[in-house]
Amino acid sequence: MSSAPADSDFDDWVIDTYAEIGSFTMLFILVSITEIKVELLRSAYLHVVGDELRWPDMTNLFKGAGVNWSGAVFYRAGREGLVEDREAKVRLASLVRKLEEDRSLIRDGEFFNKDGLRLMIEEIKPH
């Protein structure tokens with residue numbers, strides 16, 4: 001078990017996912033959120049080999065992206081848990097292409113704000 005306390009919804013997600021499948025590769029995309037749209041900023045992947053990863057670790061990593069982000073969406077790279085680097089890159093590129101076409105696919109991921117709290121995305125219907 002992890003020695004670090006879970007202080008955010010993200011932490012709970014990492015702990016629960018690791019308990020369910022063991023080590024896994026996560027794909028993630030930093031986004032900018034406004035009232036009417038979500039803009040994709042940067043993307044990367046990370047191999048999670050324990051349940052010790054916490055939200056402050058992720059936000060420190062995000063600093064290296066050099067963008068002003070307001071949210072992040074995470075996906076498991078695959079049902080098999082860990083995937084090879086080459087495959088993670090292919091899956092990440094595919095995911096980004098799909099999200100560029102259809103932002104509603106964010107609902108299929110784990111979406112968090114700057115505090116690591118879970119967010120929901122809803123489609124805005126024209127009046």
| request: Please report the C-alpha distance between E110 and V73 in whole Å, then the side-chain angles of each, then the deciding distance to 0.1 Å, and finally whether the side chain to side chain contact (heavy atoms under 4.5 Å, CB included) criterion is met. | output: CA-CA 5 Å; E110 306 295 330; V73 60; 5.9 Å; no
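- A heavy-atom distance below 4.5 Å is not found between the side chains of T25 and R76.
- E20 contributes atom CD, which lies 10.5 Å from atom CH2 of W13 (distance to the nearest 0.5 angstrom).
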| message | Applying side chain to side chain contact (heavy atoms under 4.5 Å, CB included) to W55 and V14, what does each step give before you reach the verdict? | response | CA-CA 10 Å; W55 188 245; V14 168; over 6 Å; no
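- You'll find the side chain of I33 stays beyond 4.5 Å of the side chain of E39, heavy atoms only.
- Between the CG atom of L46 and the CZ atom of F28 there is a distance of 6.0 Å, given to the nearest 0.5 Å.
- With contacts defined as side-chain heavy-atom distances shorter than 4.5 Å, the pair Y75/L95 qualifies.
- Side-chain contact between I29 and L41 is absent, with no heavy-atom pair separated by less than 4.5 Å.
- Counting heavy atoms of neighbouring residues, nucleotides and ligands inside a 6.0 Å radius, atom NZ of K98 does not exceed 12 of them.
- Taking W69 as the reference, F62 meet the ring pair (Phe, Tyr, Trp, His ring centres under 6.0 Å) condition, with sequence neighbours excluded.
- Between M120 and F111, every side-chain heavy-atom pair lies at or beyond the 4.5 Å cut-off.
- Proximity of M26 to T17: side-chain heavy atoms (C-beta onward) are nowhere separated by under 4.5 Å.
- Contact check for V96 versus L27: no side-chain heavy atoms found under the 4.5 Å cut-off.
- Residue-environment remark: CG (D102) exceeds the threshold of 12 foreign heavy atoms within 6.0 Å.
- Residues R118 and D12 are not in side-chain contact: their nearest non-hydrogen atoms beyond the backbone lie 4.5 Å or more apart.
- With rounding to the nearest 0.5 Å, the separation of CD in E52 from CD1 in I15 is 9.5 Å.
- Atom OG1 of T59 is separated from atom CZ of F10 by 9.5 Å, given to the nearest 0.5 angstrom.
- The pair R91-E80 meets the salt-bridge criterion, with a side-chain N (NZ, NE, NH1 or NH2) lying under 4.0 Å from an Asp/Glu carboxylate O.
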